[in-house]
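Throughout, protein chains are lettered first and strands after them, A, B, ... in sequence-line order, and every chain is numbered starting at 1.
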Amino acid sequence: MVGRRFAGPTLRSADEYRWPSSFSGFRKRTTARQRPLEETGLLMNALAQLRSRFAKALSDLAADPAPFTAMVRPTQDAKFGDFQANFAMPLAKQLGKNPRDLAAEIVGKLDLSDLCQPLEVAGPGFINIRLKDDWLTEQTNRSVTDARLGVEANTTPKRIVIDYSAPNVAKPMHVGHLRSTVLGNALYRVAKFLGHHVQGDNHIGDWGTQFGMILFGYKNFLDRAAFESAPVTELARQYRLVSQLSTYHDAKVELPKAETRLAQLEIELAAAEASKSANDKNAEKTLKKQRSDLNEVREQIASLKKQIETVESSPSLKALADAYPQIAELARLETAKLHAGTEENTRLWNQFVPQCLAAIQGIYDRLDIRFDMTCGESFYNPMLADVVADLQAKGLASESDGAICVFIPGNAAPFIVRKRDGAFTYATSDLATIRYRVNVLHADTMLYVVDTRQSEHFRLLFETAKLWGYGDREMVHVNFGTILGKDNKPYKTRSGDTIGLESLLDAAVAKARQIVDANDDSKPEGRELNDDARATVAETVGLGAIKYADLRHNRESDYVYDEDKMLATTGDTATYMQYAYARVAGIFRKGGVNRETLRNSGGRLLITHPSERALALQLLRFSEALDGVLAEYRPNILTDYLFATANTFSTFYQGCTVLKEPDEAIRTSRLLLCDLTARVIATGLDLLGIKTCEQM
RNA sequence: GCGCCCGUAGCUCAGUUGGAUAGAGCAACGGAUUUCUAAUCCGUAGGUCGGGGGUUCGAAUCCCUCCGGGCGUGCCA
């Protein structure tokens, strides 16, 4: 299971975590808040502008025009124009009118002549909208000189806390941390770019049983020399060792039980098969279930045997296992002592945590992942007793079977905030976190970028938080699916171990290097990149491939980790976008064009070819794509957009000469399009946490 | 047992919350190049949106049911 949640190293004052008083780049925008959007002159999002116009026309037809203006959207097929309004049918029904007549009526009282060509009513009452080239060129000209590429910062920014990555710092990060980290970071960047006040919070695991294992290993099995030269590696080895021994003893106990159960299931199945009468659907179903249970137990047994075999095949491991039959209990004891605040364990913990964090930071640096705060379990630990007491005082939590639980109507499982043994759970910690995020950070919205398998936990958590008095805040479980191997099972090594994140990155970069080498070697005029440059490109391409593959899927789907596909040089991959960017960069390099000068040259966009219009329109839709990402926390909307943008550019570049264009005004216009394309692609990729190269 | 999720082209996946003739990529096939970077572009073919029923102007999308698969499920996080 993916690690998640565990607390900040040392207790820090709340002051450190207050919202920054200044958000440079956003403040100016917020002053425009009260003015109608069109009057600010900043609004370039065509869709928002159209909706706003339609809202006026609908104001005396519908009490609340919002749901209807939401039905103004980009067309799916260019033959219907650029946008379409689909509200006439439902609105006509509500008003008891004919939809086509209503559409015509609205078209009649709407003057959009500055924006688009005359509106057309089609089919049962669709209103088709096609932007005027004049308006398109005007907007594009504005974007060219706009640092924000025509994307308006939100006029009513929210305070958003995004909880992502959240590894257990006691062990190396693995493939299971990839999605939360990559997805969370992309959402973080997009939300920030759109003007929200965002706090990226790494809710690390630094207070749980894993630390007990490290402490036990350190005290009993430490290789002092190894620890002194590479402390984190040695601590990770200790964790693995203790965990392995403890698993071994568990497996020894579990194996006979599983075998008994297997035998029993086999007998039951045989009996059921013998007595089954033909065409009995219920019996068929039961049999199926039994076979599936049987398989499950067989797999469990195989896994247990493997765990046992691993230890017993190594004399040294076996000796350790025999010497410490109670190792799990002993490790738990170390955890308990840490929680109780004994001098030695506290001192060791204070020594280890910063070292572990520094190691993890190495991966974050490489992946360019940013957080504003790192508060995990240890940070919230002192608040937990009070959380439980408060829940009890308010009558929300009660004792059941020795544990303190919150029962949410409609949910069979209780939300356990204190175990029978008195220990708190991550439920308690999550509640303390919500209270902190609301009371101290003043969060309006709290996002949890966590594996979908924990959705039940979050349902209970949010329900409990609502009852507790935080119902006015938005809490969203931004859930995501599992990364699978090619066998369609959760991605593991052949021997069944989880895959370390570092080695995953290295493998992708190494593969990218081969591609970069092959491509550069085959250039008509010989290689262009020295070894250092190739290494940089390979790092950019390799890491970009991993991130993009993760982000381009609908987050809720599982997906198969396939290095060949994610690093393919054709198709919907980061490489394709990075290449599109490098091509544009090459145009400026080759033409000796200073892009800054170009932008301020006063040159205007001229539409002389369909692919120029298509590209300009596509570039103006950047803002729509970003809004789409945040509407449902789906970065794949941005990957789709970027792929379409790169594709539209390639088509344009195929059909339109740029540097070789003899007409200077047209050449300038096309250079402006190239410049804008490069900036949109680079910015879009950057918002996904993906880098670009000037040359590749 | 109960709960949640999924099933879309040969493969991998989108599908803007109910809109027009369901879209991409890969693979396949056909075409474009004395390359402003071909890591490219254009085109062709490929579908009972798991099956059935229902709701309505209109369904891949909402409801019911069946089939197939995944995940979770009282003291791990």
Distance criterion of 3.5 Å, no angle test: do you see the side chain of A/Asp572 paired donor-to-acceptor with the base of B/A24?
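In this structure, the two groups form no donor-acceptor pair.
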Is A/Asn519 side chain donor-acceptor paired with the B/A38 base, going by distance under 3.5 Å alone?
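No.
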Phosphate OP1/OP2 of [N] contacted by [X] side-chain N/O (<4.0 Å):
X        : N     : result
A/Lys565 : B/C26 : no
A/Tyr548 : B/C13 : no
A/Arg583 : B/A38 : yes
A/Asn86  : B/A20 : no
A/Asn647 : B/C41 : yes
A/Lys523 : B/A38 : no
A/Asn488 : B/G69 : no
A/Tyr653 : B/U37 : yes
A/Thr573 : B/C26 : no

Looking at every strand, decide which applies to [X] at a 4.0 Å heavy-atom threshold: base, sugar-phosphate, or nothing.
X        : value
A/Arg667 : nothing
A/Asp562 : nothing
A/Gln578 : nothing
A/Ala413 : nothing
A/Asn128 : base
A/Lys285 : sugar-phosphate
A/Ala582 : base
A/Arg420 : base

Which whole number of Å gives the distance between the [atom1] atom of [N] and that of [M]?
N     : M     : atom1 : answer
B/G52 : B/C57 : C1'   : 24 Å
B/G18 : B/C64 : P     : 16 Å
B/C75 : B/C26 : P     : 49 Å
B/A59 : B/C29 : C1'   : 34 Å
B/G53 : B/C13 : C1'   : 29 Å
B/A20 : B/U16 : P     : 11 Å
B/U21 : B/G15 : C1'   : 16 Å
B/A60 : B/G47 : C1'   : 12 Å

Listing time: all N or O pairs from protein to nucleotides 56-60 of chain B that are below 3.5 Å?
{"from": "B/U56", "atom 1": "O3'", "to": "A/Lys93", "atom 2": "NZ", "distance (Å)": "2.9"}
{"from": "B/C57", "atom 1": "OP1", "to": "A/Lys93", "atom 2": "NZ", "distance (Å)": "2.5"}

[atom2] on [Y] to [atom1] on [X], rounded to 0.5 Å:
X        : Y        : atom1 : atom2 : value
A/Leu47  : A/Thr69  : CG    : OG1   : 9.5 Å
A/Arg621 : A/Asn45  : CZ    : CG    : 10.0 Å
A/Asn479 : A/Arg453 : CG    : CZ    : 12.0 Å
A/Leu685 : A/Gln578 : CG    : CD    : 6.5 Å
A/Asp101 : A/Leu95  : CG    : CG    : 12.0 Å
A/Ser455 : A/Tyr448 : OG    : OH    : 15.0 Å

Measure the distance between the ring centre of A/Phe126 and the centre of the six-membered base ring of B/A20, then answer whether it is under 5.5 Å with planes under 30°.
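Yes, A/Phe126 stacks on the base of B/A20.
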Under the criteria of a ring-centre distance below 5.5 Å and an interplanar angle below 30°, is A/Phe80 stacked with the base of B/A20?
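Yes, the aromatic ring of A/Phe80 stacks with the base.
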Rounded to the nearest angstrom, tell me the gap between atom [atom1] in [X] and atom [atom2] in [N].
X        : N     : atom1 : atom2 : value
A/Phe462 : B/C4  : CZ    : P     : 18 Å
A/Arg552 : B/A14 : CZ    : P     : 8 Å
A/Glu296 : B/G69 : CD    : P     : 13 Å
A/Asp564 : B/A39 : CG    : P     : 19 Å
A/Tyr579 : B/U40 : OH    : P     : 7 Å
A/Arg555 : B/C13 : CZ    : P     : 17 Å
A/Met696 : B/A38 : CE    : C1'   : 14 Å
A/Phe458 : B/C5  : CZ    : C1'   : 17 Å

Is there a donor-acceptor pair closer than 3.5 Å between any side-chain N or O of A/Thr573 and the backbone N or O of A/Thr569?
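Between the backbone of A/Thr569 and the side chain of A/Thr573 there is no qualifying donor-acceptor contact (under 3.5 Å).
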Just by modelled atom types, is the A/Val417 backbone N or O under 3.5 Å from a matching donor or acceptor in the A/Thr428 side chain?
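Confirmed, A/Thr428 side chain pairs with A/Val417 backbone.
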Distances under 3.5 Å between protein N/O atoms and the N/O atoms of nucleotides 44-46 of chain B, please, pair by pair.
none

Do the side-chain N and O atoms of [X] and [Y] include a donor-acceptor pair separated by under 3.5 angstrom?
X        : Y        : result
A/Asn554 : A/Tyr559 : no
A/Gln84  : A/Thr75  : no
A/Asn647 : A/Tyr576 : yes

As a quick check of understanding, evaluate salt bridge (Lys or Arg N to Asp or Glu O under 4.0 Å) for A/Arg179 and A/Asp451, giving each step before the final call.
CA-CA 8 Å; A/Arg179 290 200 90 173; A/Asp451 195 310; over 6 Å; no
Below 3.5 Å between N/O atoms, which protein atoms pair up with nucleotides 32-35 of chain B? Just atom names and distances, please.
none

With a 6.0 Å cut-off on the ring centroids, do A/Phe462 and A/His477 count as close?
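No, the ring of A/Phe462 stays outside the 6.0 Å limit from the ring of A/His477, centre to centre.
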For A/Asp663 and A/Arg670: C-alpha separation, side-chain torsions, deciding distance, then whether salt bridge (Lys or Arg N to Asp or Glu O under 4.0 Å) applies.
CA-CA 11 Å; A/Asp663 184 314; A/Arg670 289 180 179 168; over 6 Å; no
Please list, for nucleotides 27-31 of chain B, all pairs of protein and nucleotide N/O atoms separated by less than 3.5 Å.
none

Could you give the side-chain donor-acceptor pairs of residues 579-590 of chain A under 3.5 Å, partners two or more places apart or in another chain?
{"from": "A/Tyr581", "atom 1": "OH", "to": "A/Glu694", "atom 2": "OE2", "distance (Å)": "2.7"}
{"from": "A/Arg583", "atom 1": "NH1", "to": "A/Ser650", "atom 2": "OG", "distance (Å)": "3.4"}
{"from": "A/Arg589", "atom 1": "NH1", "to": "A/Glu694", "atom 2": "O", "distance (Å)": "3.1"}

Writing each nucleotide of RNA chain B 5' to 3' as (, ), [, ], | or . by Watson-Crick or G-U pairing under 3.5 Å yields (((((((..((((.....[...)))).(((((.......))))).....(((((..]....))))))))))))....
